[in-house]
Amino acid sequence: MYEQELKLTAANAEVLTAVLNSDTIQRYSLTPTPQPQRFLANYYDTKDRTLEKDQCSLRARREGRKFRAAFKLPGRITDGMSQRQEYECDIDGWLKNAGELPDGELKSLVLNHIEEIEKLLTIVTVDMQRQIVNLEVDGTKIELVTDQGSIKGNDREVEICEVELEFKSGEINIIKEIGDNLKAKYELNPSLSTKHKIGLELWKSR
């Protein structure tokens, strides 16, 4: 799957609430009352940081009672717009090695980088409260996400407040238009990095 999303950093949690209640979002919302959900994610790598060197990321995330893995190939962020290949699948729980991944495309891609039995270490942890709103604008479908929580790496921690507009189908330029509208009204700035990379920077800041 080719993931395209606009990532905006919010000044504080009040901005996230204002965005969700804004006329811009309410006008196109298919989800009138989003419910907060806790998402806990571990990003893995080997002892030699093979995935980091290859500019990839492997994540396991607990979403309620379910676990889901994601593997992302190298990508880029330009003015907050993130573009990269992402593969996802359901898993049974936290990972100890790549061999625990179910057979399929995601596992095959991971094994292009690391050995099946090689031990996986948790490098970055993201703990957040997420609210999800599905939008439809003139036939274009977008998933709006607000995240509030923390990113941890190397016993260091930073707080995060973020708005994401993920393109699902239709016209990609609609995301930029909504993002520009929100930035004009609220304390939002284009995100310069992913949550994973922010966590990796915590290792380098000591």
Revision key, fill the gap. Rounding to 0.5 Å, atoms CG (Leu6) and CZ (Phe167) come to a distance of 13.0 Å
Point to revise | Flag side-chain contact, heavy atom, 4.5 Å: Glu201 against Arg156 | key: no
Check your understanding: Between the side chain of Asn189 and the main-chain N/O of Leu8, is any donor-acceptor distance below 3.5 Å?
Key -> no
Check your understanding: Should we say atom CG of Asp79 is surrounded by more than 12 heavy atoms from elsewhere, each under 6.0 Å from it?
Key -> no
Review point. So if you build clusters from Ile, Leu, Val, Met, Phe, Trp, Tyr with side-chain heavy-atom gaps below 4.5 Å, do Leu120 and Val126 land together?
Key: no
Check your understanding: Do Glu171 and Lys141 meet the salt-bridge criterion of a basic N to acidic O distance under 4.0 Å?
Key -> no
**Study point:** Leu200 side chain near Val124 side chain, heavy-atom distance below 4.5 Å
**Key:** yes
**Study point:** Validation row: Ser57, Lys197 side chains within 4.5 angstrom (heavy atoms)
**Key:** no
Review point. Between Leu73 and Tyr87, does a side chain to side chain contact (heavy atoms under 4.5 Å, CB included) hold up when you go through it step by step?
Key: CA-CA 9 Å; Leu73 297 173; Tyr87 301 84; 3.9 Å; yes
Point to revise | Over 12 non-hydrogen atoms of neighbours within 6.0 angstrom of CG in Asp138 | key: no
Review point. Under a 4.5 Å cut-off applied to non-hydrogen side-chain atoms, are Ile77 and Thr194 in contact?
Key: yes
Check your understanding: Sub-3.5 Å donor-acceptor pair from the side chain of Gln26 to the main-chain atoms of Ser22, do we have one?
Key -> no
Review point. Cluster question for you: counting only ILVMFWY and a side-chain heavy-atom cut-off of under 4.5 Å, with indirect links fine, are Leu16 and Leu165 together?
Key: yes
Review point. Would you say the side chains of Thr125 and Asn42 form a donor-acceptor pair under 3.5 Å?
Key: yes
Review point. Considering all heavy atoms of both residues, which atom of Ala69 and which atom of Leu106 are nearest to each other, and what is their separation?
Key: O-CD1, 3.9 Å
Practice item. Check step by step if side chain to side chain contact (heavy atoms under 4.5 Å, CB included) holds for Lys7 and Lys195. Key: CA-CA 10 Å; Lys7 301 167 71 69; Lys195 296 180 180 70; 4.2 Å; yes
Check your understanding: Take atom CD in Glu157; do more than 12 heavy atoms of anything else shown fall under 6.0 Å from it?
Key -> yes
Check your understanding: Less than 4.5 Å apart, any side-chain heavy atom of Leu20 and any of Val133?
Key -> yes
Review point. Is it true that Glu3 and Arg84 make a salt bridge, defined as a side-chain N closer than 4.0 Å to a carboxylate O?
Key: no
Check your understanding: Under 4.0 Å between a Lys/Arg side-chain N and an Asp/Glu carboxylate O for Arg27 and Asp23?
Key -> no
Practice item. State, without any angle test, whether Glu162 and Ser191 hold a side-chain donor-acceptor pair at a distance under 3.5 Å. Key: yes
Review point. Does any N or O in the side chain of Asn97 come within less than 3.5 Å of the main-chain N or O of Gly99, such that one atom is a donor and the other an acceptor?
Key: yes
Check your understanding: Is there side-chain contact between Ile123 and Arg49, with heavy atoms separated by less than 4.5 Å?
Key -> yes
Review point. Atom CG of Leu51 and atom NZ of Lys72: how far apart are they, to the nearest 0.5 Å?
Key: 14.0 Å
Practice item. Measure the spacing between CG of Leu144 and CG of Asn134 and express it to the nearest 0.5 Å. Key: 9.0 Å
Point to revise | Short side-chain to backbone donor-acceptor contact, Ser29 and Thr31, under 3.5 Å | key: yes
Point to revise | Basic-acidic side-chain contact under 4.0 Å: Glu166, Lys168 | key: yes
Review point. Are Phe39 and Ile160 grouped together when hydrophobic residues (ILVMFWY) are joined by side-chain heavy atoms under 4.5 angstrom apart?
Key: yes
Point to revise | Beyond-backbone contact of Thr17 with Glu14, side-chain heavy atoms, under 4.5 angstrom | key: no
Point to revise | Heavy atoms from other residues, nucleotides or ligands near CG of Leu121 exceed 12 (cutoff 6.0 Å) | key: yes
Exercise for review: Indicate yes or no: does Asp48 engage Lys53 in a salt bridge with an N to O separation below 4.0 Å.
Suggested key: no
Revision key, fill the gap. Scanning both residues in full, the closest heavy-atom pair of Ile114 with Ala98 reads CD1-CB, 4.1 Å
Review point. What distance do Leu101 atom CG and Asp90 atom CG have between them, rounded to the nearest 0.5 Å?
Key: 12.0 Å
Exercise for review: Locate the shortest heavy-atom distance separating Glu159 from Ser150; write the atom from each residue and the value.
Suggested key: OE2-CB, 3.8 Å
Review point. Is the count of non-hydrogen atoms from other residues, nucleotides or ligands lying under 6.0 Å from Asp92 atom CG greater than 12?
Key: no
Practice item. Using a 4.5 Å cut-off on heavy atoms from C-beta on, say whether the side chain of Leu202 contacts that of Lys152. Key: no
Practice item. Answer yes or no: is there an ion pair linking Glu63 with Arg68, defined by an N-O contact shorter than 4.0 Å? Key: no
Exercise for review: Determine whether Ile151 and Val15 fall in the same hydrophobic cluster, where Ile, Leu, Val, Met, Phe, Trp and Tyr are linked whenever their side-chain heavy atoms lie under 4.5 Å apart.
Suggested key: no
Exercise for review: Check the pair Val145 / Glu143 against side chain to side chain contact (heavy atoms under 4.5 Å, CB included), numbers first and verdict last.
Suggested key: CA-CA 6 Å; Val145 168; Glu143 183 180 81; 3.7 Å; yes
**Study point:** Ionic contact status for Glu116 with Lys107, cut-off 4.0 Å
**Key:** yes
Exercise for review: Show the numbers, then the answer: is there a ring pair (Phe, Tyr, Trp, His ring centres under 6.0 Å) between Phe71 and His113?
Suggested key: CA-CA 11 Å; Phe71 184 65; His113 299 268; 5.7 Å; yes
Practice item. Verify the cluster assignment for Met128 and Val19: are they in a single hydrophobic cluster under the rule of side-chain heavy atoms below 4.5 Å apart? Key: no
Revision key, fill the gap. Pro34 and Gln131 have their tightest heavy-atom pair at O-OE1, 3.3 Å
Check your understanding: Which heavy atom in Ala13 sits nearest to a heavy atom in Cys161, and how many Å separate them?
Key -> N-SG, 3.6 Å
Review point. Do Gln4 and Gln83 have side-chain N/O donor and acceptor atoms under 3.5 Å apart?
Key: yes
Check your understanding: What distance do Glu5 atom CD and Ser82 atom OG have between them, rounded to the nearest 0.5 Å?
Key -> 5.0 Å
Check your understanding: Does Thr50 reach the main-chain N or O of Thr46 with its side chain, forming a donor-acceptor pair under 3.5 Å?
Key -> no
Check your understanding: Is the count of non-hydrogen atoms from other residues, nucleotides or ligands lying under 6.0 Å from Lys96 atom NZ greater than 12?
Key -> no
Exercise for review: Decide if atom CD1 of Ile117 counts as having more than 12 heavy atoms of other residues, nucleotides or ligands within a radius under 6.0 Å.
Suggested key: no
Study note, to complete from the structure: Of all heavy-atom pairs linking Ile91 and Ala60, the shortest is CD1-CB, 3.8 Å
Check your understanding: Going from CZ on Arg38 to CZ on Arg130, what distance comes out if it is rounded to the nearest 0.5 angstrom?
Key -> 14.0 Å
Exercise for review: Indicate whether the side chain of Asn181 and that of Thr24 have a donor and an acceptor atom separated by less than 3.5 Å.
Suggested key: yes
Exercise for review: Determine, stepwise, if the pair Val110 / Tyr44 fulfils side chain to side chain contact (heavy atoms under 4.5 Å, CB included).
Suggested key: CA-CA 11 Å; Val110 171; Tyr44 299 103; over 6 Å; no
